[in-house]
Amino acid sequence: MPSRQPDRADPEIVLRLLTEAYPDARVELAASNPLELLIAIVLSAQTTDERVNSVTPELFTRYRTAADYAAADLADLERILGPVGYYRQKAKAVKAVATALVERFDGEVPRTVEELVSIPWVGRKSAHLLVVSMFGGSALAVDTHVKRLAKRLGWTTQDDADKVEAEVAALFDPAELGRLTLTAILHGRRVCTARRPACGSCVLAGVCPSAGQFG
DNA sequence: ATCCCGAGGG
DNA sequence: CCCTCTGGAT
């Protein structure tokens with residue numbers, strides 16, 4: 001008798017297994033202060049953190065404050081951001097973000113989700129990730145990895161990130177959502193990849209309804 | 001729904 | 001070749 005997986009993995013068990021697998025999970029974008037992390041997160045859209053980390057040393061050396069970015073020459077930004085995807089949009093985005101910080105937040109990065117999403121180019125995912133990884137908050141940041149895991153674990157059938165967030169967050173104590181976000185992102189990058197997930201070495205294989213369905 | 005971006009993998 | 005990579009704006 002082959003054992004059948006439930007069609008929905010138990011949330012608490014999943015979180016426990018992920019926490020054991022990634023006890024020190026944190027964002028792997030290189031940044032030493034909230035401004036740097038905010039910039040790095042904006043640059044990370046549809047781009048690996050490794051690629052973001054390849055351009056931020058020069059970026060962070062050349063520009064130190066929000067005012068520096070706001071006054072930056074667009075062509076200089078585009079040149080530095082060349083290796084990341086969407087470099088023209090992101091050069092504009094960096095300037096727009098910095099301008100908003102200078103004009104409305106005294107050059108500082110605000111700490112609430114509401115304030116953060118009021119900044120151009122900062123959406124809900126980016127705001128949540130920043131709050132979780134820099135300000136000690138707890139929220140679910142639904143990026144491509146979190147969405148993929150949630151679907152494979154049977155936690156949602158939605159495709160819209162906001163709907164995924166609502167359905168998944170309802171399965172957890174709010175205080176756990178930050179840890180879920182950070183561990184799920186790492187697991188998505190390292191094991192539960194989009195193309196060929198490594199179900200054979202996945203700590204969740206025993207509870208995942210999608211385990212082994214990918215060859 | 002489409003656009004932005006291009007390297008890298010399968 | 002097609003898909004993916006820590007989205008967000010139009």
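Both backbone and side-chain heavy atoms feed into the values below; hydrogens, waters and symmetry mates do not.
Side-chain contact annotation: Glu115(A) with Thr112(A), donor-acceptor N/O pair under 3.5 Å present. Under the 3.5 Å distance criterion, with hydrogens and angles disregarded, no donor-acceptor pair is assigned to the side chains of Glu103(A) and Thr99(A). Looking at Ser133(A) and Arg26(A), their side chains never bring a donor and an acceptor atom within 3.5 Å of each other. Side-chain contact annotation: Lys151(A) with Ser210(A), donor-acceptor N/O pair under 3.5 Å absent. With 3.5 Å as the limit, one finds a donor-acceptor pair spanning the side chains of Ser118(A) and Arg104(A).
For DNA chain C, none of the residues of residues 165-177 of chain A falls under the heavy-atom distance limit of 4.0 Å. Less than 4.0 Å separates DNA chain B from no heavy atom of any residue of residues 21-32 of chain A. Listed by residue number, the members of residues 114-148 of chain A with any heavy atom below 4.0 angstrom from DNA chain B form an empty set.
Separating the CG atom in Leu81(A) from the CD atom in Gln89(A) is a distance of 12.0 Å, to the nearest 0.5 Å. Summarising the geometry, atom CZ belonging to Arg88(A) is positioned 14.0 Å from atom CG belonging to Leu77(A); distances are rounded to the nearest 0.5 Å. In this structure, the separation between CZ on Phe172(A) and CG on Leu180(A) is 4.5 Å, given to the nearest 0.5 Å. The distance from the CG atom of Leu140(A) to the NZ atom of Lys125(A) is 12.0 Å, given to the nearest 0.5 Å.
The backbone N or O of Ala9(A) lies less than 3.5 Å from a partner atom in the side chain of Trp155(A), making a donor-acceptor pair.
Cluster annotation: Ile13(A) and Val146(A) are assigned to the same hydrophobic cluster (Ile/Leu/Val/Met/Phe/Trp/Tyr, side-chain heavy-atom contacts under 4.5 Å, transitive).
For dA7(B), the OP1/OP2 oxygens have no side-chain nitrogen or oxygen of Arg51(A) closer than 4.0 Å.
Computed from coordinates, the Arg79(A) CZ to dC5(B) P distance equals 17 Å when rounded to whole Å. The OH-P distance, from Tyr87(A) to dG8(C), rounds to 22 Å in whole Å. Remark: P of dC5(C) and CD1 of Ile185(A) are 12 Å apart, rounded to the nearest angstrom. Here the C1' atom of nucleotide dT2(B) and the OH atom of Tyr86(A) are 11 Å apart, to the nearest Å. Note: CG (Asp49(A)) to P (dT6(C)) measures 6 Å, nearest angstrom. Counting to the nearest Å, the C1' atom of dA7(B) and the CD atom of Gln46(A) are 14 Å from each other. Following rounding to the nearest Å, Ile41(A) (CD1) and dT6(C) (P) show an atom-to-atom distance of 13 Å. dG7(C) atom P lies 20 Å from atom NZ of Lys163(A), rounded to whole Å.
Taking atom P on both nucleotides, dC5(B) is separated from dT10(C) by 14 Å, rounded to a whole Å. Straight-line distance between the P atoms of dA7(B) and dG8(C): roughly 24 Å, to the nearest whole Å. dC4(B) sits 15 Å from dT4(C) when the C1' atoms are compared, rounded to a whole Å.
The nucleotide whose nearest atom lies closest to any side-chain atom of Ala194(A) is, among dG7(C), dG10(B), dC5(C), dC5(C).
Counting any heavy atom pair closer than 4.0 Å across all strands shown, Arg189(A) reaches a base atom.
The two residues Val164(A) and Ala150(A) come nearest to each other via the heavy atoms CG1-CB, 4.2 Å.
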